[in-house]
Amino acid sequence: MTTGMWWFLGAAVGQLALAALLLRARSPERPELPPQALALLRGGPRAAVVVALVALHQRGAVAAGRRGTIRANGGAGRVRDPLQLGVHRSLQRALTLRLLATRPKARQALDALRAELGRTGLLRPPGRHRAARVLLVCVPLTVGGGLAATGPTAPGLALGAVPVLAALALLCVPPTTRAARRLLAGLRSRHPLPSHRREVTDARDVLLYVALYGDPALALFLPHFSRDGGLLTRHPHHDDAYATGRGTTETPFTCGSTTPE
């Protein structure tokens, strides 16, 4: 293996090390999280917006529109939650859930919620997570460039495969941390989904169940609003994709949930 290839391998290892450093999460705090924050940890921005819509619907501030849309149904009242306010203010006309989650006011509130969760150590800061992914994508490009420039050899291929495989593994790291997944698992064990809606009478408990379970809770407690408003997902296991790193736009690679802590 030529000396030039060692330089390329060193650059790839450096990119890998910096990406791993960016993906490390701070020691988690133990804040009291609102339901929309729990939903974001479980299912990402879409799940958080769904919880905000359920809370607004409980107040009579939103209703299902035509053809799977959500519309405003009056003022937001005494709502103080930033995400609920951002979602309500985005409903100047009836919107689908997909479009609503991309409106500027809703996105701004979601970004603030993600930043807050990043400070608690439950969510990897979005900027660092994106930067790490860019570095990881550069690792196989660097190794491939080195092989093309110096000529492929058996030792070069073998050594180059190590940082490439490590980069692919780190690309599977989800936005959430182990602490967040332990938190969700603990809450689910303490609050199993009831078998009948009559078992729950507190509206705040309904929000908690929707935050923790997504579609099953929506179908149980708000079947008509969820169906008519287009809140139910069409793909199985989509709700937990954000927490596990499977099937989301944030983490599009199909893989496990091993994370550096």
Side-chain angles (χ1 to χ4, degrees), residues 33-79 81-103 106 109-110 113 183-244 246-249:
L33 297 180
Q36 52 268 25
L38 295 172
L40 194 150
L41 292 176
R42 174 187 57 80
R46 182 191 185 281
V49 171
V50 166
V51 171
L53 286 171
V54 171
L56 291 167
H57 179 66
Q58 290 175 339
R59 293 174 173 268
V62 300
R66 299 177 60 183
R67 298 179 181 178
T69 61
I70 299 292
R71 60 178 176 83
N73 193 38
R78 297 182 178 181
V79 171
D81 178 78
L83 181 56
Q84 292 180 33
L85 286 173
V87 167
H88 189 270
R89 290 169 180 169
S90 299
L91 288 171
Q92 298 175 350
R93 59 184 177 87
L95 295 172
T96 63
L97 177 59
R98 180 184 294 273
L99 288 176
L100 177 57
T102 64
R103 302 302 293 173
L110 285 168
L113 182 57
L183 173 65
L184 292 174
L187 287 170
R188 280 176 164 175
S189 67
R190 294 193 297 272
H191 302 280
L193 187 65
S195 57
H196 199 281
R197 60 186 299 178
R198 286 197 298 264
E199 299 177 31
V200 179
T201 58
D202 193 324
R204 291 173 297 182
D205 289 339
V206 172
L207 288 179
L208 177 62
Y209 286 121
V210 173
L212 293 177
Y213 294 98
D215 280 5
L218 287 171
L220 177 64
F221 295 109
L222 303 108
H224 301 297
F225 174 63
S226 303
R227 183 191 65 237
D228 298 342
L231 302 187
L232 298 174
T233 60
R234 296 182 180 180
H235 305 289
H237 310 305
H238 180 278
D239 280 350
D240 290 324
Y242 191 77
T244 60
R246 295 190 296 266
T248 68
T249 57

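The basis for the numbers below is simple: all heavy atoms, side chains too, and nothing from hydrogens, waters or symmetry mates.
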Heavy-atom pair of closest approach, residues [X] and [Y]:
X    : Y    : value
V51  : L207 : O-CD2, 3.8 Å
G229 : A64  : N-CB, 3.7 Å
A109 : P82  : CB-O, 3.6 Å
G186 : S189 : O-OG, 2.7 Å
Q84  : A55  : NE2-CB, 3.5 Å
S90  : A106 : OG-N, 3.4 Å

Exercise. Output, in order, the C-alpha distance, side-chain angles, deciding distance and verdict of side-chain contact (heavy atoms from CB on, under 4.5 Å) for L231 and I70.
Key: CA-CA 9 Å; L231 302 187; I70 299 292; 4.2 Å; yes
Exercise. Please indicate whether H196 has more than 12 foreign heavy atoms, meaning atoms of other residues, nucleotides or ligands, lying under 6.0 Å from its NE2.
Key: yes
Quiz item: When you look at CZ of R71, are more than 12 heavy atoms from neighbouring residues, nucleotides or ligands closer to it than 6.0 Å?
Solution: yes
For a 4.5 angstrom cut-off between non-hydrogen side-chain atoms, does [X] reach [Y]?
X    : Y    : value
Q36  : D81  : yes
L83  : L40  : no
Y209 : P194 : yes
L222 : V206 : yes
L95  : T69  : no
R188 : Y213 : yes

Please report the interatomic distance [atom1]([X]) to [atom2]([Y]), rounded to the nearest 0.5 Å.
X    : Y    : atom1 : atom2 : result
L193 : L212 : CG    : CG    : 9.5 Å
R59  : L56  : CZ    : CG    : 8.0 Å
L220 : R198 : CG    : CZ    : 11.0 Å
N73  : H88  : CG    : NE2   : 8.0 Å
L53  : S226 : CG    : OG    : 10.0 Å
L33  : L38  : CG    : CG    : 5.0 Å

Quiz item: With under 30° as parallel and over 60° as perpendicular, where do the rings of H57 and F225 fit, or are they tilted in between?
Solution: parallel
Quiz prompt | Pairs flagged by side-chain hydrogen bond (donor to acceptor under 3.5 Å, both in side chains) wherever residues 199-208 is involved - sequence neighbours left out | solution = S195-E199, D202-R204
Quiz prompt | Under 3.5 Å: donor-acceptor pair, side chain of R42, backbone of A211 | solution = yes
Exercise. In sequence, state the C-alpha distance, the side-chain angles, and the governing distance for V49 and L110, and then conclude on side-chain contact (heavy atoms from CB on, under 4.5 Å).
Key: CA-CA 8 Å; V49 171; L110 285 168; 3.9 Å; yes
